[in-house]
Amino acid sequence: CLFKLSKAQPMAAVLLHQRVRVTPHKAAALLEELALHEPDRTDLIAAAGASLPPQDLMRLGLDLSRSVLADLGFRDEIKKGDLGPIQAKYERWLESSLELLCQAGYLADHGDHYRTIRPVQALSTLWSCWQAEQVAWQAKPQLRAQARLLESCLKALPEILGGAEKATAVMFPNASLELVEGIYKGNAIAEFYNQVLSDSVIAAVRERLAKNPHAKLRFLEIGAGTGGTSEGLLKRLDQFAAQIEEYCYTDLSKAFLHHAEDKYARPFLKTKLLDASLAPTEQGFESGVYDFVIAANVLHATPNIRTTVRNAQALLKVNGLLVLNELSAQSYYSHLTFGLLDGWWLYEDPALRLDGSPGLAPESWSRILRQEGFNAVWLPAQAAQKLGQQIIIAQNNGAARQANKTTAIEPAAIEKNSEVQVASVAAGPDAGADDLIWETLKEIISQSLDVPLERIEADRSFSEYGVDSIVAVQLVNEIN
């Protein structure tokens with residue numbers, strides 16, 4: 001499009017910093033047909049609801065969080081905006097915590113401060129109660145997993161808030177994914193939503209192949225993590241292996257990509273780093289070629305939801321489907337666990353989010369997706385939104401708006417306080433290590449990071465090879 005002006009001047013309604021690209025790749029429209037044949041899930045919803053965290057677990061969790069805050073100095077009268085010994089990055093976490101405690105009857109809001117209205121119990125007393133309740137919790141595997149993660153986070157809460165410990169180190173001890181993985185696997189609620197998501201995808205695959213039996217389908221999953229959604233979906237997609245060109249498993253951390261390569265290997269599985277908050281084309285992805293883009297509990301953990309939606313849309317063909325599993329309500333449990341991770345508070349558009357949470361209400365998702373160029377939006381299993389999640393499926397109209405220039409992805413850098421000191425390896429033979437040691441280290445790094453041996457250079461930092469704080473711990477363990 002060319003505009004000829006008589007003089008240099010701004011033009012109303014012309015966004016020079018953005019461009020709209022219409023993909024030439026098109027698939028058959030499916031969403032209207034899918035919505036007409038939604039199955040009845042009443043019994044499944046009732047069964048999943050029985051697996052919500054029990055009241056005694058959440059009551060003790062709130063009691064413990066209140067007592068931890070009291071020990072940090074937030075006792076009888078709590079002035080709003082006063083962080084005390086808490087790091088600045090947890091300011092919004094603290095604000096949300098105090099509001100939740102107010103709603104639960106622990107505090108009363110007095111305008112510029114909160115006042116304690118329920119006696120604060122000693123931590124030792126509460127942990128004794130916790131141990132007494134453990135017997136019942138341990139008898140149920142999914143409840144045991146929930147209690148383990150919550151206990152780990154609550155016991156480390158003072159250190160996390162004060163900066164002495166990193167939340168990632170607590171939730172992924174020794175770079176293990178086991179603690180978090182247990183929340184999603186074997187959990188009836190998580191499995192219900194994964195089933196709704198995979199049912200919808202499989203139904204769409206059948207429809208698409210019925211319309212075009214020779215189609216070669218391409219899938220991309222954003223923020224696939226430990227594979228809580230991927231595992232079941234991949235098993236169901238195996239029956240269509242001959243018609244699948246690619247399932248691209250992406251995440252911010254190479255640790256999760258290695259996990260996928262070990263556990264979910266298939267001829268059509270590919271892995272690649274992707275930051276959903278940045279333009280995918282600047283990260284080496286093709287624009288407008290995917291039939292399905294899937295994201296489970298990840299898009300909310302980005303600064304600007306509109307930008308993130310546009311980035312996901314840019315990957316899709318015309319009539320391609322964006323399939324989301326997302327938060328639908330604020331949760332005490334999520335706040336006291338995943339809410340401690342930096343990504344939870346990345347959002348810069350609070351007017352679009354649920355109060356004190358990065359999640360979006362169902363109506364907000366529907367509105368934003370339509371405004372951003374999805375011509376149809378369907379929310380299957382709406383009756384299950386009371387369980388705290390929602391499935392959203394949106395059909396792309398093919399016109400994706402993207403920034404003219406963004407910062408391309410850089411592999412997640414090692415945090416400054418990581419156990420790995422980059423210089424100790426990057427110095428190489430020049431620091432006095434003999435050739436044998438250096439070659440051995442190069443081999444370990446190459447195998448751990450899946451980087452060709454010839455690309456490992458002595459004067460480059462680990463961050464350039466995709467090392468983040470989780471991978472760093474794995475690498476140290478391997479070297480040791």
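Keep in mind the model is a prediction, meaning the values are calculated, not measured.
- The shortest heavy-atom contact between Ala279 and Asn311 is CA-OD1, 3.7 Å.
- At a cut-off of 3.5 Å, with distance as the only test, a side-chain donor of Arg66 or Thr116 sits close to an acceptor on the other residue.
- Between the side chain of Tyr247 and the main chain of Ser230, no donor-acceptor pair closer than 3.5 Å is present.
- The two residues Asp82 and Phe74 come nearest to each other via the heavy atoms O-CE2, 3.2 Å.
- Side-chain contact, Gln382 with Gln390: no donor N or O sits under 3.5 Å from an acceptor N or O.
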If you apply the rule side-chain contact (heavy atoms from CB on, under 4.5 Å), what do you find for Ser200 with Ile393, and how did you get there? CA-CA 9 Å; Ser200 303; Ile393 304 178; 3.4 Å; yes
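- In this pair, Trp130 and Trp137 present their aromatic rings perpendicular. The plane angle is above 60°, beyond the 30 to 60° band.
- A salt bridge does not link Lys263 with Glu231: none of the charged nitrogens is closer than 4.0 Å to a carboxylate oxygen.
- Residues Asp112 and Lys79 are not paired through a salt bridge, judged by the lack of any N-O separation under 4.0 Å between the basic side chain and the carboxylate.
- Across every non-hydrogen atom of Phe285 and Leu273, the tightest pair is CE1-O, 3.4 Å.
- In this structure, a donor-acceptor pair under 3.5 Å is absent between the side chains of Ser67 and Gln121.
- Looking at Arg75, its side chain does come within 3.5 Å of a backbone N or O of Ala70 through a donor-acceptor pair.
- Tyr332 meets the ring-ring contact (aromatic ring centres under 6.0 Å, His included) test with no other residue; sequence neighbours excluded.
- Between atom CD of residue Glu133 and atom OG of residue Ser128 there is a gap of 12.0 Å, rounded to the nearest 0.5 Å.
- A cation-pi arrangement is absent between Lys317 and Tyr290 under the rule of less than 6.0 angstrom and at most 45 degrees off the ring axis.
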Taking it one step at a time, do Arg144 and Gln134 satisfy side-chain hydrogen bond (donor to acceptor under 3.5 Å, both in side chains)? CA-CA 8 Å; Arg144 180 169 65 243; Gln134 284 272 33; over 6 Å; no
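- Both tests hold for Lys80 against Tyr114: distance to the six-membered ring centre under 6.0 Å, angle to the ring axis within 45°.
- Trp127 carries Lys155 over the face of its six-membered ring, with the cationic atom under 6.0 Å from the centre and within 45° of the normal.
- Put simply, the side chain of Ser334 never gets that close to the backbone of Ser331: no donor and acceptor are under 3.5 Å apart.
- A side-chain donor-acceptor contact under 3.5 Å links Arg353 to the backbone of His300.
- Looking only at atom types and distance, the side chain of Ser97 has a donor-acceptor partner in the side chain of His335 under 3.5 Å away.
- Residues Thr302 and Ser277 bring no donor and acceptor atom of their side chains to less than 3.5 Å of each other.
- Ser328 and Gln389 are not linked by any side-chain donor-acceptor pair at a separation below 3.5 angstrom, with hydrogens and angles left out of the test.
- No hydrogens or angles considered: a donor-acceptor pair under 3.5 Å links the side chains of Thr42 and Asp40.
- Between the side chain of Tyr249 and the backbone N or O of Gly225 there is at least one donor-acceptor pair closer than 3.5 Å.
- Here Arg266 pairs with Asp238 in a salt bridge; the nearest charged N to carboxylate O distance falls below 4.0 Å.
- Side-chain N or O atoms of Asn187 include none that pairs as donor or acceptor with a backbone N or O of Gln142 at under 3.5 Å.
- With Asp109 contributing its side chain and Gly111 its backbone, the two residues share a donor-acceptor pair below 3.5 Å.
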Just do the side-chain contact (heavy atoms from CB on, under 4.5 Å) check on Leu197 and Val323 with the steps written out, would you? CA-CA 7 Å; Leu197 185 148; Val323 185; 3.7 Å; yes
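- Both tests pass for Arg118 against the ring of Tyr106: distance under 6.0 Å to the centre and angle within 45° of the axis.
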Can you list the steps and then say if His113 with Leu107 is a side-chain contact (heavy atoms from CB on, under 4.5 Å)? CA-CA 10 Å; His113 69 278; Leu107 306 173; over 6 Å; no
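- Trp93 pairs with exactly one of Leu341, Ile160, Leu336 by the side chain to side chain contact (heavy atoms under 4.5 Å, CB included) rule, that one being Leu336.
- The one candidate from Arg92, Lys166, Lys89 that meets the salt bridge (Lys or Arg N to Asp or Glu O under 4.0 Å) condition with Asp342 is Lys89.
- Residues Asp251 and Ser253 have side chains that never bring a donor and an acceptor to within less than 3.5 angstrom of each other.
- The closest donor-acceptor contact from the side chain of Ser366 to the backbone of Pro362 lies under 3.5 Å.
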